[in-house]
Amino acid sequence: MRDLASVKATLKAQRIELPSWAFGNTGTRFKVFGQPGVPRTPLEKIDDAAQVHRFTGVAPSVAVHIPWDKVGDYADLAKHAADAGVRIGTVNANVFQDDDYRLGSVANPDPRVRRKAVAHLMECVDVMDATGSRDLKLWFADGTNYPGQDDIRLRQDRLAEALAEVYTRLGSGQRMLLEYKLFEPSFYTTDVPDWGTSLTHCLATGPHALVVVDTGHHAPGVNIEFIVAVLLRLGRLGGFDFNSRFYADDDLMVGAADPFQLFRILHEVVRAGALVPTAGGTGGPSTRASTPGGDIAFMLDQCHNIEPKIPGQIRSVMNVQEATAKALLVDTDALAAAQQAGDVLGANGALMDAYNTDVRPLLAEVRTELGLDPDPYAAYARSGYQEKIVATRIGGTPASWGS
Ligand code: PSV
Ligand code: MN
């Protein structure tokens with residue numbers, strides 16, 4: 001069993017990366033509800049993310065999405081982030097919002113479109129160079145809607161070719177994270193639909209190509225912690241896109257729909273010794289990308305369609321912290337002994353005892369020891385920041401998907 005001091009030290013060292021797009025207006029295909037005070041620029045998104053770090057102390061990096069966060073000078077963006085007390089994290093490529101990509105991007109049958117997509121991915125690595133980011137995150141909306149629409153196998157060949165080309169462009173310490181998603185926007189085939197396909201491509205591409213698990217990207221009922229355990233064992237888990245889902249890719253706040261699943265996932269992460277980054281935190285240079293229990297990027301990938309955005313991110317970070325604290329409280333000796341003895345109920349009980357612990361007082365103590373308010377959510381509400389951005393962000397175009 002871990003002693004309390006080491007549990008607290010780990011909780012203090014934990015890092016969670018925020019998505020810049022969580023601060024802009026989002027919605028469903030039916031309606032985007034605008035909110036007052038929403039950022040108009042990538043710089044303002046960073047400012048809002050910095051508030052989440054200010055009150056939680058564990059969210060010092062912001063993932064960007066290109067071109068949603070396109071700026072003239074990315075070194076300036078990095079400087080703006082540093083001045084705000086955070087840094088630019090993962091660079092997300094976007095090859096899904098252009099008319100040219102109707103039939104896919106890197107797996108498109110048209111070589112011109114494939115070249116255009118690869119050129120964008122290369123541009124994203126340029127951005128990483130300028131911002132000092134470690135990870136390039138790739139999600140491809142590629143696939144088909146109808147049987148016979150395209151050659152399934154050829155599409156895999158085109159995808160493999162593009163990944164290999166971009167991989168050679170990565171600098172030292174940079175990694176490629178390949179995200180999978182069961183379906184949407186394609187409904188018949190998706191070119192990277194599952195972790196097996198992602199892993200297969202990563203294995204063929206190179207040691208710094210790693211799988212990213214978005215918790216909303218599976219069929220209902222899939223055992224995500226099993227996938228996590230297997231990828232960690234192979235040293236091929238690059239990161240998470242955390243969010244919650246009730247039905248499909250709902251992008252709701254992590255830990256809202258199924259906190260028990262989040263605990264089970266984090267138990268596997270803790271079991272692998274992969275919770276705390278080895279060098280520089282999430283977004284820092286990696287020296288152990290391909291070793292079991294290597295650096296994992298713990299990212300949120302969420303949209304706050306109806307709830308306020310900064311408090312929504314704060315609540316999400318707190319939810320991850322609570323699941324993590326519970327995972328750290330598992331009595332690993334008792335668990336191992338029960339497993340070894342074939343004591344089914346004892347082993348399950350060891351996990352459930354930890355899950356059923358109220359860790360909020362422990363996390364309040366951790367925050368106090370970090371010099372933070374024990375209640376980040378209430379502290380943000382009292383800070384006056386929300387009122388300030390509502391009063392001052394007048395005019396301009398609120399950030400949304402596509403900007
Ligand atoms: C796709 O659904 C996804 O999960 C990918 O990570 C995208 O980059 C992200 O959502 C942004 O909407
Ligand atoms: Mn995602």
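Each ligand, and each atom within it, is numbered from 1 in the order the structure gives. Heavy atoms only: backbone and side chains are in, while hydrogens, waters and symmetry mates are out.
For Y180 and W139, the ring centers sit 6.0 Å or farther from each other.
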Distances under 3.5 Å, N/O of ligand 1 against N/O of the protein: list each pair and its distance.
unit_1, atom_1, unit_2, atom_2, d
ligand 1, 2 (O), K181, NZ, 2.9
ligand 1, 2 (O), H217, NE2, 3.4
ligand 1, 2 (O), D249, OD2, 3.0
ligand 1, 4 (O), E179, OE2, 2.9
ligand 1, 4 (O), D214, OD2, 3.0
ligand 1, 4 (O), H217, NE2, 3.1
ligand 1, 4 (O), D301, OD2, 2.8
ligand 1, 6 (O), E179, OE1, 2.8
ligand 1, 6 (O), E179, OE2, 2.8
ligand 1, 6 (O), D241, OD2, 3.2
ligand 1, 6 (O), D301, OD2, 3.1
ligand 1, 8 (O), H65, NE2, 2.8
ligand 1, 10 (O), D301, OD2, 3.1

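Between the side chains of Y380 and Q51, not a single donor N or O lies within less than 3.5 Å of an accepting N or O. Counting only N and O atoms by type, the side chains of Q174 and D129 include a donor and acceptor under 3.5 Å apart. Side-chain contact check for E179 and S198: no donor-acceptor pair (N or O, by modelled atom type) lies under 3.5 Å. Counted by atom type alone, D249 and H217 present one or more donor-acceptor pairs between their side chains at under 3.5 Å.
In this pair, W21 and H65 present their aromatic rings perpendicular. The plane angle is above 60°, beyond the 30 to 60° band.
Within 6.0 Å of NZ in K388 there are 12 or fewer heavy atoms belonging to other residues, nucleotides or ligands.
Considering only heavy atoms from C-beta on, V58 stays 4.5 Å or farther from H53 through its side chain.
For a distance threshold of 2.8 Å, the protein N, O or S atoms nearer than that to the Mn ion (ligand 2), listed by chain and number, are E179 OE2, D214 OD2, D241 OD2, D301 OD2.
With hydrogens and angles ignored, the 3.5 Å screen pairs no side-chain donor or acceptor of S105 with any backbone N or O of Y101.
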